[in-house]
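These notes are about the structure you will find just below.
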Amino acid sequence: MMQIEIALRALHALSDTQLTAWSSFYGSAPLGPEDQPDFINAVAQIETELSPLSLLDALQQIEQTQGRIKRRHWGERCIDLDILLFGNETLRSERLNLPHHELTKRSFVVSPLLEIAPDLVLPDGQPLSDVQPEFDGDLHTLHRPVIDL
């Protein structure tokens, strides 16, 4: 089972949280150091009673459980879970920025997000469908996983 599938199952298992949708898996060239394997990305949609920072703590615990070790900035890692949006909330802090400050710059975020939320409007009022990411990374769809929750 892929790391992303394990993470989706872990999201589904979080208390006060329900996994409601997930995208296909997408492959792309790495952002950052080019001497690392291609990225595999997906996005998930959840409904949660957790606060943004409690959700961040939970996501970091999932990463640790799955063996994430950060060796270098934008370097290879087995899993990387980010909060992209939290409803229409905006937040800027040392630990968390909402919406994610790089969300609109990366095709490997925008494309899967559009797949599960084609009519999404960002908190600043911009339709996600109008976004043209700076980094394309030769993005390609790998497959749509069927995950028995």
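Quantities reported herein were computed from a predicted structural model and do not represent experimental measurements.
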Test H100 against I83 for side chain to side chain contact (heavy atoms under 4.5 Å, CB included), laying out the working first. CA-CA 7 Å; H100 189 286; I83 302 172; over 6 Å; no
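- The shortest non-hydrogen separation linking S24 to A42 is O-CB, 3.7 Å.
- L114 contributes atom CG, which lies 10.5 Å from atom OG of S23 (distance to the nearest 0.5 angstrom).
- Residues I40 and I4 meet the side-chain proximity criterion, which asks for heavy atoms closer than 4.5 Å.
- S107 places no side-chain N or O within 3.5 Å of a backbone atom of P133 that could act as its donor or acceptor partner.
- For residues 37-54, every residue pair satisfying the side-chain hydrogen bond (donor to acceptor under 3.5 Å, both in side chains) rule, not counting sequence neighbours, is listed here: T17-T48, S51-S54.
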Could you check V109 against T104 for side chain to side chain contact (heavy atoms under 4.5 Å, CB included), going step by step and ending with a plain yes or no? CA-CA 8 Å; V109 173; T104 60; over 6 Å; no
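- Interatomic distance, T20 OG1 to L11 CG, rounded to the nearest 0.5 Å: 10.5 Å.
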Should I62 and Q66 be marked as a side chain to side chain contact (heavy atoms under 4.5 Å, CB included) after you check the CA-CA gap, both sets of side-chain angles, and the distance that decides it? CA-CA 6 Å; I62 292 169; Q66 288 188 237; 3.3 Å; yes
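- Distance check, rounded to the nearest 0.5 Å: CE of M2 to CD1 of I147 gives 10.0 Å.
- Using modelled atom types and a 3.5 Å distance limit, the side chains of T65 and Q61 yield a donor-acceptor pair.
- The distance from atom OG of S111 to atom CG of L139, rounded to the nearest 0.5 Å, is 5.0 Å.
- In plain terms, the two heavy atoms of E89 and P123 that are nearest each other are O-CG, 4.3 Å.
- Between the side chain of E63 and the main chain of L81, a donor-acceptor pair closer than 3.5 Å is present.
- Counting only heavy atoms from C-beta outward, the side chains of V131 and L122 approach each other to under 4.5 Å.
- For R95, the salt bridge (Lys or Arg N to Asp or Glu O under 4.0 Å) test picks out D57, with sequence neighbours left out.
- Sorted pairs that involve residues 118-140 and meet side-chain hydrogen bond (donor to acceptor under 3.5 Å, both in side chains), not counting sequence neighbours, are lacking altogether.
- Proximity of L84 to P99: side-chain heavy atoms (C-beta onward) are nowhere separated by under 4.5 Å.
- When the side chains of ILVMFWY residues are joined at heavy-atom separations under 4.5 Å, either directly or via intervening members, V121 and L85 end up in two distinct hydrophobic clusters.
- Paired with F108 under the rule ring-ring contact (aromatic ring centres under 6.0 Å, His included), one option of F25, Y26, F39 passes, and it is F39.
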Test side chain to side chain contact (heavy atoms under 4.5 Å, CB included) on L113 and L128; report intermediate values, then the result. CA-CA 9 Å; L113 191 51; L128 185 64; 3.6 Å; yes
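- In this structure the side chain of L98 reaches within 4.5 angstrom of the side chain of L96, judged on heavy atoms.
- Rounded to the nearest 0.5 angstrom, D82 CG and H101 NE2 are separated by 8.5 Å.
- Side-chain atoms of L14 and L19, non-hydrogen and from C-beta on, never get closer than 4.5 Å to each other.
- Listed for the W22 side chain is no donor-acceptor partner under 3.5 Å among the backbone atoms of E5.
- Counting heavy atoms from C-beta outward, N97 and T90 have side chains that stay 4.5 Å or more apart.
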